[in-house]
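So the structure is just underneath, and the comments pick up after that.
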Amino acid sequence: MTDTQSQPTGHAPQTVAPDPAFAAEAVASAELYERAAADRLGFWAEQARTLLEWEQDFTETLDWSGAPFAKWFVDGRLNVAHNCVDRHVEAGNGDRVAIHFEGEPGDARSLTYADLAREVRQAANALTALGVQAGDRVAIYLPMIPEAVVAMLACARIGAPHGVVFGGFSADALRSRIEDAEAKVVITCDGSYRRGKPTTLKPAVDAALAKGASSVTNVLVVRRNGEQVDWTEGRDVWWHEALAAAPEEHEAQAFDSEHPLFILYTSGTTGKPKGILHTSGGYLTQAAYTSRNVLDLKPERDVYWCTADVGWVTGHSYITYGPLALGATQVVYEGTPDTPDKDRWWSIVAKYGVTVLYTAPTAIRTCMKWGEEYPGRHDLSSLRLLGSVGENINPEAWSWYRRVIGGGKAPIVDTWWQTETGGHMISPLPGVTALKPGSAQQPVPGIVAEVVDDAGNPVGNGEAGYLVLTEPWPAMLRGLWGDPQRYADTYWSRFPGMYFAGDGAKRDEDGDIWLLGRVDDVMNVSGHRLSTAEIESALVSHPKVAEAAVVGATDETTGQAVVAFVILRGGEEEGPETIIDLRNHVGQEIGPIAKPKSIMVVAELPKTRSGKIMRRLLRDVAENRATGDVTTLTDAGVMDTIRAGMSKSTED
Ligand code: ATP
Ligand code: MG
């Protein structure tokens, strides 16, 4: 798909060998690859049986006869919440902290596994008292407070699939998701705190229900910040009152391995979000397995912190389900990274002695832009492993992350996966893999991925193509909610028998996988296929650039022209020389063909609420079209600003 010969940034990738001291203590070992390759299904069956507690063992590991609809761990029965909470208490670890909660105003509280077990049981009883039964859907619209996790687990406990909607979404986005899932109950709160100020959430629920969402019978309201909210008698119920009235005992019933666990919408980077359906046994197996082997979590040793929101799949698999299935201790933080100052995250790492940090490239690049002084204020020596998810991490950001946050020694796991895959799919194993900055490298043991050409044949090393998954995996989506046909069409029709992820990828000379961006974003300039990720990495490797987004715009002579949008690092001048400098830099790093035709300096880039760049909107701007679906955009105003700047720069 791309014929640029270089790795992103143009340099031969340096590899970073595992530190022997880290490797000696690491959970994973190279032998996992061999075992998984020798007997893949046997390997997954063993993971399911060793990592989870089943009330009834499964009779068959995988039933793929109804492809592309998979059944994993057939006839097995388990309770997901019991696996994430109660069994740790039963094993004598009730006093272990499950969640260190840090509120934005600085309030803090810690919930042990025993506390969590009690709250989940009471919440399960409270939901049952509101008439919620197994199979009924519950919408969760909460900020990052422990009740978000409790609510998810309470739903799991009674077999009511949850649909978490990111707390930053509007009333309309909430309403459409509630309506799509036909949720019976909504769990929300009065409000939260953001940038030092109280916010409100419940008004958005009230507005959503005023306009529709008629399936909802009750709204369960957590009291977080005491803001005044409207109250609909008979419909609205305070969470604390409902839980206080609920018995502390609750018998967890086991559900079929394929019982629906949740519905979650994708981030909407490429278009309208899709309602992804996940089920129980396979999902939890892969979430726990990857939390152990990729995030290297050992409950006795680690304090883990994932900065994602529970509104995204990362918050599902790597806050609620994976780490808790292992019985790990983690931090949950409510607010923004710059409140009260830009060192808030690093003060939290130091305060709790965080050992494993999992975040997104967008956050790392923002911290780079703010400067080293902020992490420099705190002792970050407890950090021993860093993770990245959501987008490509450019080699430049990778190196900064390792040096400034990881003390120059922490391995980084660059984890490629999707809402659809449910868990990590391609990632180095810490302590095992020699790391290559910017590459997600190899499928995790048990996963089979390929890079294929237009005809679906595997490409050779050094070649690019489409990323596909050639074998079913336990945490795979089981469909799109209410639309099985769209599931088959979207993911399984491009290459028969293979799951097509929508991402372009390249195998390097060693066979390692480099993600190249969405295939929809790949540019064709004078017959040369260029990847957004490579050109963006080249731009970010220039010392003046903090962030970059590249798109292909229709061009009469070249077919498509490379158009770049860049954010400069704090204090850098934007002059014509800078633009010339950046163009030449890309020319040097990749080749003259990749030089952007135009470069626009902007203050912000359009991003989804999960922090990913929405290139399709920039393409609309570059091609002078009306902007497409912006419902998942963080700040709709940013597009107007960019458009205004764009017309100015073309007039010049
Ligand atoms: P939509 O499918 O609605 O357009 P989305 O794809 O952004 O939204 P997610 O499921 O949150 O929704 O994101 C998955 C995508 O994120 C992947 O397909 C890939 O493009 C990108 N991604 C995730 N992790 C990585 C990674 N480590 N390296 C490169 N890209 C990544
Ligand atoms: Mg996607």
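For ligands, and for the atoms within them, numbers begin at 1 and follow the listed sequence. Bear in mind the structure is a predicted one, so any value in this text is a computation, not a measurement.
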| message | For atom 7 (O) of ligand 1, what's the nearest protein heavy-atom neighbour? Residue, atom name and distance, please. | response | Thr269 OG1, 2.3 Å
| Above 12 or not: heavy atoms from other molecules or residues under 6.0 Å from NZ of Lys409? | yes
| note | So for Trp417 against ligand 1, with non-hydrogen atoms under 4.0 Å, the contacting part is backbone
| task | Any pair with a residue in residues 162-173 that passes salt bridge (Lys or Arg N to Asp or Glu O under 4.0 Å), sequence neighbours left out, goes on the list, sorted by first then second residue, please. | result | Asp172-Arg175, Asp172-Lys211
| task | Check Val313 against ligand 1 and report side chain, backbone, both or neither, counting heavy atoms closer than 4.0 Å. | result | neither
| Who's closest to atom 10 (O) of ligand 1 heavy-atom-wise, of Ile426, Thr419, Thr421? | Thr419
Per-pair distances, 0.1 Å, donor-acceptor, side chain in residues 304-313, under 3.5 Å, sequence neighbours excluded:
| unit_1 | atom_1 | unit_2 | atom_2 | d |
| --- | --- | --- | --- | --- |
| Tyr304 | OH | Tyr318 | O | 2.6 |
| Thr307 | OG1 | Thr359 | OG1 | 2.8 |
| Asp309 | OD1 | Gly311 | N | 2.7 |

| message | Among Thr266, Leu467, Val519, Val413, which one puts a heavy atom closest to atom 3 (O) of ligand 1? | response | Thr266
| field | ligand 1-proximal atoms of Glu391, by part, heavy-atom distance under 4.0 Å | value | backbone
| query | Which of these, Leu153, Thr320, Leu264, Ile140, sits in a side-chain contact (heavy atoms from CB on, under 4.5 Å) with His162? | reply | Ile140
| field | Minimum-distance protein heavy atom relative to atom 22 (N) of ligand 1 | value | Gly390 O, 3.3 Å
| note | Restricting to heavy atoms, the pick from Met614, Arg616, Lys612, Arg518 nearest atom 6 (O) of ligand 1 would be Arg518
| message | Using a 4.0 Å heavy-atom cut-off, which part of Leu515 comes near ligand 1: side chain, backbone, both, or neither? | response | side chain
| request: Could you name the option among Gly438, Ser267, Ser439 that has the heavy atom nearest to atom 12 (O) of ligand 1? | output: Ser267
| said: Given Ala440, Ser610, Gly268, Gly517, identify the one with the heavy atom nearest to atom 1 (P) of ligand 1. | reply: Gly268
| message | If you take the centroid of each ring, where Trp contributes its six-membered ring, are Tyr289 and Trp44 closer together than 6.0 Å? | response | yes
| Parallel, tilted or perpendicular: rings of Tyr487 and Tyr491 (30°, 60°) | tilted
| message | Do the side chains of Arg619 and Asp521 get close enough for a salt bridge, i.e. N-O under 4.0 angstrom? | response | yes
| request: Would you kindly say whether Thr279 and Glu258 are connected by a side-chain donor-acceptor distance under 3.5 Å? | output: yes
| query | Polar-atom distance check: Asp503 versus ligand 1, any N or O pair below 3.5 Å? | reply | yes
| note | for atom 4 (O) of ligand 1, nearest protein heavy atom and its distance come out as Thr270 OG1, 2.4 Å
| Check ion pair Asp483-Lys274 (N to O, under 4.0 angstrom) | no
| To which protein heavy atom is atom 2 (O) of ligand 1 closest, and what is the distance rounded to 0.1 Å? | Lys274 NZ, 3.2 Å
